[in-house]
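Remarks on the structure that follows.
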Number of protein chains: 2
Amino acid sequence: MNQPSVSMNDTGLKNDLLIRACQGQPTPRTPVWMMRQAGRYLPEYQAVRAKADFLAMCRTPELATEVTLQPVDIIGVDAAIIFSDILVVPEAMGMKVTFHDGVGPVFDHPIDGPREIQALEPVVVEEKLGYVLEALEMTKRALDGRVPLIGFAGAPWTIAGYMVEGRSSKTFAKVKAMRYTRPDLLHQLLDRLSHVVSDFLLAQIDAGADVVQLFDSWAGMLTPDDFRVFSLPYLKKIVDRVSVTGVPIIVFARNAGHSFTELSQIGAQVLSVSWSEELAAAKAAVQGRVVLQGNLDPCALLGPIDSLRQEVIAVLDCMGHNPSHIFNLGHGILPNTPVDHARALIDIVKEESVRYHG
Amino acid sequence: MNQPSVSMNDTGLKNDLLIRACQGQPTPRTPVWMMRQAGRYLPEYQAVRAKADFLAMCRTPELATEVTLQPVDIIGVDAAIIFSDILVVPEAMGMKVTFHDGVGPVFDHPIDGPREIQALEPVVVEEKLGYVLEALEMTKRALDGRVPLIGFAGAPWTIAGYMVEGRSSKTFAKVKAMRYTRPDLLHQLLDRLSHVVSDFLLAQIDAGADVVQLFDSWAGMLTPDDFRVFSLPYLKKIVDRVSVTGVPIIVFARNAGHSFTELSQIGAQVLSVSWSEELAAAKAAVQGRVVLQGNLDPCALLGPIDSLRQEVIAVLDCMGHNPSHIFNLGHGILPNTPVDHARALIDIVKEESVRYHG
C-alpha cells in the first residue's frame, strides 16, 4: 500500500514517485530524499572520504558514483542526487579552489574587480566538467532505474558570493559592497554564471539527470529587494533555458521566503523551503502554482525517534490531503546525525504519508 | 527645522527624540542610532581596545563610558547605548567566558545537562553586574542629558544558545538537540535566564537607562513554531516585569519576521527589524501596535554616499508620513565601515527625514 509503482513506466524508473510529485501528479505516498544525503553522517561515506579528498571524490566518477548510491542502498531514499559541489563551476572557469577541513572552500585569487572577471575562462561543459557528466552516466547505469537521479548546480548569486568573498563568510560583505560600488560588474558576473550554469544543467540532463535542483544557498544574504534584482532574474534565465527539456526543476532559495510568490512564477516545478521558513506561509504564497519540497529541521534528527515522528507528522499535516509535496529536510543533513535516525526518518515518511494520499 | 527640541523637558534630556518616538509621539524628524555604534569601525574605539581586552573594557566603567560616548561625539547619533556584552549574564551565573580574536566568545564548560544548570549561581545583579550599573551611572553623568542612554541584555534563547553551544555556531545543533531530547531542561534554563535578565534590566533602569533593548540575536536559529515556544514566552515574561517602570522596551528578534504579529503583542513599545526582512511586511504585520526600528543593511555603508542616500530614502519612504519609526541598521555596523560613511548616514537621516514629519 505504501509502495511506489513497481512496474517499469515510460520514464524507465521502477520508483518514479519523485518525478510524478514534481509534475503535480497523484502518488500513493509522499516521496522523500535528503539534501546532503551522500554525506559525512554515513560511515560508508567516511570510508571513501578517508581515501580521497573532497575534490578528488567529485572528480573521480567511480567514487562519486559510489557515494551517490550509498543513501539509496543504506537509507532507502526515493532519489539519488549526484555527489558533486556547487564550486565546480567557478573552478571550471579557471578559479583554483581548495577545501580545508573546518574552513570549507577557499579560492586562491578571489574576484576583486573587472580584471578577474575578464580573466574567467569560457566553459565548454563537456571539456571542463566532463567528470560530473561521467559520474551521472555511471550512476544512472548503476541505479538501473531503481530511483530517479537528481543533477544540480549552484545559483549565480551564491556562486558569485563565493567567487568574490574567496571563502565562506558570515556577512558576504565583499560581494555586497560590490553590489553598491559596482552593481554593473556584479550583474556582468551573474550573467556569465547564468549561461554556464544553464549549459551545465542541460549537459547533466543529457547525461541522465531525471530532475535538476538549483541551490541558491546564500539567497538569504541579500535583502528582499536585492534578491529580486541580483538573484531572481538569473534563476529565471536558467529555468527558461532548462525548461525546454521538460525535466523538472527544483529551486532552493534558502531563506528567501519573502519572495515565495515571485519564486513560484519563474517556471520551476518545485520550490524547496528552508526549515527557518513557515511551510504554511509558503503554501499560501505559491497558491498551488508549484510543488513544495521540505522542510524538516535537520536538528530534529538529533532528537529521539518519537519526537522525530511528531515533527514529520506536523510537516505532513501542514501540507494536507493529496499534497503537492516532496518530503525533504529544510537544509543539509548534519554530519553528527545517527544513521538509524536518518533511516527512521525515511521509514516514518513512507509509513505516515500514505494516509494523506488517495 | 531638523533640530530636536533643544530645551530641557520633563525627561531632563536636551534631545529626547528617541524617547518620544518610542512612545509613538510626533517628532520633528526620525531619530537615528546604530547597533554596535561603539565599535571597531571607530579609530578612537580601537585606541581604547589596544590598551584593554574586550571583557576588561566591559568591566571597567571608565573605559565602557569612554567608548559609549564616542559615537555621540564623533558620529552625532541620537542615543548612546552602553558598551557591554550579552554574555555578561552567563558569566555572572558562574560560567567562565573568554573572548578570542576571530573566534568570538568561548565558554570553558558549556552546559551539557541538568548538572551544569543546577550549578549555575544565583545572581544578585548589584553584586555580580555592578560594573555595568556603574558604567551606566558614569555615562549618564557624562552625557549630561545630551541624548538618551540605552541599556540592554540578551534574550534568554540567545544566551542559552551560547551557554549550551559553548561558542558561536553555524547551526546551534547542540542546543537544538537539547530542544528535542530534553525540552524540559531547556525550558528550565530559559526560565532562570528570564528572571536574571529581568532583574538586570530593572537594575539598568535604576542606574539611569532611559530605554532598554532585548537582543534575541539568534531568534532565527529556531523554526517559526519553536520560536513561539522557546523564545517568545520568555521575551514576554521579561517585558511584563520591566514594563512597570514605564521605560520603553525595544525587542530585536533577529530573523524572526515570521512572528512580527505575535512580537507586536507582548507589550514592548518597539520592534527592531533585521535587514533580511521586509520593512513593509513588518509594518503590515504590526498594524500600528508598535514602533518599528531599522532596518538598513549595514553593507549599504560600504558603498558610495550617493547610493547610501538612496537606500536611506527607500527606508524612509517605506515608513511613510509621520512614521512610528526609529532609524537604525538591520544588524550591527561592520568593522570595515568608513567612519565618514557612518557620519554621512546619520547626517542623511537627520536631513532627509524632516520632510516625512509634521
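By convention in this document, chain letters (A, B, ...) are assigned in the order of the sequence lines, proteins followed by strands, and residues within each chain are numbered from 1.
- Applying the salt bridge (Lys or Arg N to Asp or Glu O under 4.0 Å) rule to pairs touching residues 273-283 of chain B yields A:R228-B:E278, sequence neighbours excluded.
- Minimum interatomic distance between A:S276 and B:G220 (heavy atoms only, all atoms of both residues): CB-O, 4.4 Å.
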Practice task
Start with the C-alpha distance between A:T181 and B:L302, add both sets of side-chain angles, then the distance that settles side chain to side chain contact (heavy atoms under 4.5 Å, CB included), and finish with yes or no.
Solution key: CA-CA 8 Å; A:T181 53; B:L302 306 178; over 6 Å; no

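- At a 4.5 Å heavy-atom cutoff, the contact between B:A173 and chain A is made by backbone and side-chain atoms alike.
- Scanning residues 292-300 of chain A against chain B with a 4.5 Å non-hydrogen threshold yields A:D297, A:C299, A:A300, sorted by number.
- Rounding to the nearest 0.5 Å places OG1 of B:T223 at 11.5 Å from CG of A:L279.
- Chain A forms the most heavy-atom pairs under 4.5 Å with one residue out of B:G303, B:P224, B:S307, B:P304, and that residue is B:P224.
- No more than 12 heavy-atom neighbours from other residues, nucleotides or ligands sit within 6.0 angstrom of CZ on B:R36.
- Going from atom CE of B:M221 over to atom CH2 of A:W275 covers 5.0 Å, rounded to the nearest 0.5 Å.
- Remark: A:Q46 pairs with A:R40 by the side-chain contact (heavy atoms from CB on, under 4.5 Å) rule, at least two apart or across chains.
- With sequence neighbours excluded, the residues satisfying salt bridge (Lys or Arg N to Asp or Glu O under 4.0 Å) with A:R179 are A:D226, B:E311.
- Only the backbone of B:L222 comes within less than 4.5 Å of a heavy atom in chain A; its side chain stays farther off.
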Exercise for the section: Go through the steps for B:S168 and A:K170 under the test side chain to side chain contact (heavy atoms under 4.5 Å, CB included), then give the verdict. Expected result: CA-CA 11 Å; B:S168 190; A:K170 271 191 209 172; 4.2 Å; yes

